[in-house]
Protein chains: 2
Amino acid sequence: MTPREKAPTSRRERPAKPALSREGIVATAVAVMRAEGLEKVTMRRLAQELDTGPASLYVYVANTAELHAAVLDELLGEVDLDAASDDDWRDRLVEVLTSYTEVLFAHPALARMALSVRPHGEHYLRLVERLLALLADGGVPPERAGWGVDVLLLVATANAAEHGTREQTGDPQAEWDALVHAVQEAPAATYPYVHALAASLQGGTPRERLAWCFHVVISGITHTPIPGTDS
Amino acid sequence: MTPREKAPTSRRERPAKPALSREGIVATAVAVMRAEGLEKVTMRRLAQELDTGPASLYVYVANTAELHAAVLDELLGEVDLDAASDDDWRDRLVEVLTSYTEVLFAHPALARMALSVRPHGEHYLRLVERLLALLADGGVPPERAGWGVDVLLLVATANAAEHGTREQTGDPQAEWDALVHAVQEAPAATYPYVHALAASLQGGTPRERLAWCFHVVISGITHTPIPGTDS
DNA sequence: ACCTGAACACCGTTCAAGT
DNA sequence: ACCTGAACACCGTTCAAGT
C-alpha cells in the first residue's frame, strides 16, 4: 500500500530511493503489468524500476512465480462479487464468474499462470466463498459444491487464457484463421462431422459462448451426484 | 518421419550431418521434450542437437510457438480414440477425453500452451471428429455439439495444465499444502463456507474428480440448449 | 539483516554475409 | 534457396562481499 513512500530527506536531492518492501515490489509489479503486460514483469525489470539490482528482490520474493501469484491475487480484488440481479441463483453465479473472467481477460498470461500455480490469496478465498454461498443457495450439497467451484473456476480461467485479448503469443486472428481454414479444408470423407460443422464454427458471440459454457457446468453440477458420497 | 536419415556419404567420416528439414526438427523437438521436458525445447538447444546455429531453424519454423504447436499435434497422435466399452455414449466420451488428458498429463507445459495457441493439426482434427461423432450418437444437436466439444476439450486441457505431474513450476506439493493451509486457517466468521469445506477439500482421487468433471459437462450439454438456435 | 555487483548459464530473433 | 556467425537485447538465480 506504500508503493513510493518518500523517505524523509534532509538534503534536497533527487527523490530519495524508497526502502524496499514486499508491498512495494508487488505494487510496482502490478503497475508494470497494467502498463506493459505480465511478460515485462521480470525480476530484472522490476529491479531497474526500483533502482536496485535484481538480487535485492530475492530478500522479499522467493522467485518469479511467487511474484506473479501475488500480482494475480491483487488483480482478483477487482472481481465484482455482488451480482446485481436477484433472479435465479444460477444467473447470479454466472454474473460473478463473468466478472472474474473479464478481469483475467485483459491478462491471459496471468490466467495461464493461475492454472499452474494454485492461487490461495485473500481475494481468491473471498471469491471461492462467494461461489460456495451461491451454490448453497441453489441447494447444491456441500461436497458437490466444493468440487463444483473447482470446475467453474477452471472453466472460467481456461476461457480467459484461451480468448484473452492482450499479450497474445502470436497473431490471434491468424491462428483462428488457420483453424477455420483447417476445418474448412477437412475432407468430408475423413472428417464428416468436422466438415459439416465448418459453417457453424463461428456461431455466436464469445460472450454468448461463455455464458452458455457456465450454464452447462452449473446445470451439470445440479444433475451429477458425486459417486457414493452425496444424494 | 525421417529424423536422422543419413546422407549418402562416400568418405568414411563421422555420421554425416543430416540435411535440415521441418520433420527432422519436429522429431528432434519431440525427443528432447520426452527426455527433458518442453522447457528444454528451445531454438538454441535444438540447433545444438542438430549441429547447427539457431538461425538455421528459422528457415523451417516461424518461431518457438509454432514449433511447440507442432510438437503438441505430434503428441496428440497417441490419444486413444477407440473407446473400449460399447456402453453408453457418455462413458465412451469420457474414455476418449480421459485418454486425451492422460497424454497431456505428462506435459502440463504443453497443455498450457494448447490454451493459447489454438491447435489445428491433423491429430487434433481427428480427435475433434471423434468427439463430434460421439455427441451425435447421443442425439446432441449439431451446433450444440460444436460448442460442446470446445467446452469438453477446454476442461480436459485445463485439467492437464493444472494437475499435470511433470515440469512443475515450483513444488506442487508445497503449493497444494499452502492452499490447504489457507483454507484451514480461513476464519469461520469471514469465510463460513470455505471453513466448512476445509475438511472435504481433499475428497476423492484426482481420477474420480476428473471423471465427475467430464460427466458434469456432458450432462450439462444435454440439458442446455443454445439460446435461440436449437431446440 | 539487508543489500549489492558481478557472474553463470541461459533465452528468441535478426541480419549481413556467405555458399 | 539455404545456411551461418555474430550480434542485440534480453532472462532467472546465486554467491561472495560489503554495510
- List for me each residue that meets side-chain hydrogen bond (donor to acceptor under 3.5 Å, both in side chains) alongside A:S56, sequence neighbours excluded, and say none if there are none. A:T52

- Item | Nearest-Å distance once atom P is located in both C:dC10 and D:dA9 | 23 Å

- Listed partners of B:E185 passing salt bridge (charged side-chain N to carboxylate O under 4.0 Å, His left out), at least two apart: none

- Query: D:dC2 P sits how many Å from B:L50 CG, rounded?
  - Reply: 17 Å

- Task: Provide the closest heavy-atom pair for A:L154 versus B:V155 in the form atom of the first, atom of the second, distance.
- Result: CD2-O, 3.9 Å

- Note on the structure: Residue pairs passing the salt bridge (charged side-chain N to carboxylate O under 4.0 Å, His left out) test with at least one member in residues 95-104 of chain B, sequence neighbours excluded, are B:E102-B:R207

- Query: Which residue pairs pass the ring-ring contact (aromatic ring centres under 6.0 Å, His included) test when at least one of the two sits in residues 51-70 of chain A, sequence neighbours left out?
  - Reply: none

- Those residues that, when tested against B:R209, pass salt bridge (charged side-chain N to carboxylate O under 4.0 Å, His left out) (two or more places apart): A:D150

- Message: For B:A160 versus B:T101, what's the shortest heavy-atom pair and its separation?
- Response: CB-O, 4.1 Å

- Message: From OH of B:Y60 over to P of D:dA1, roughly how many Å is that when rounded to an integer?
- Response: 13 Å

For nucleotides 9-11 of chain D, tabulate all protein N/O to nucleotide N/O atom pairs closer than 3.5 Å, reporting atom names and distance.
residue : atom : partner : partner atom : Å
D:dC11  : OP1  : A:T42   : OG1          : 3.3
D:dC11  : N4   : A:R44   : NH1          : 3.4

- Which residue pairs satisfy the ring-ring contact (aromatic ring centres under 6.0 Å, His included) criterion with at least one member in residues 180-212 of chain A, sequence neighbours excluded? A:W212-B:W147

- Task: Return the set of residues passing salt bridge (charged side-chain N to carboxylate O under 4.0 Å, His left out) with B:R22 (not counting sequence neighbours), or none when no residue passes.
- Result: B:E66

- Message: Starting the side chain at C-beta, find the nucleotide from D:dT4, C:dC3, D:dT13 nearest to B:S56.
- Response: D:dT4

- Can you give one letter per nucleotide of nucleotides 14-19 of chain C, going 5' to 3': B for a protein heavy atom under 4.0 Å from the base, S for sugar-phosphate only, - for none? BB----

- Message: According to salt bridge (charged side-chain N to carboxylate O under 4.0 Å, His left out), who are the partners of A:R126, at least two apart in sequence or on a separate chain?
- Response: A:E122

- Separation of D:dT4 P from B:D51 CG (nearest whole Å): 8 Å

- Starting at atom CZ of B:R22, determine the distance to atom P of D:dA1, rounded to an integer number of angstrom. 20 Å

- Task: Find the distance A:L57:CG to C:dC3:P and express it as a whole number of Å.
- Result: 10 Å

- Sort by first number and list every stem of DNA chain C: at least 3 consecutive Watson-Crick or G-U wobble pairs, both distances under 3.5 Å. C:4-8 with D:12-16, C:12-16 with D:4-8

Donor-acceptor list for residues 75-82 of chain A side chains, cut-off 3.5 Å, not counting sequence neighbours:
residue : atom : partner : partner atom : Å
A:E78   : OE2  : A:R34   : NH1          : 3.2
A:E78   : OE2  : A:R34   : NH2          : 2.9
A:D80   : OD1  : A:D82   : N            : 3.1

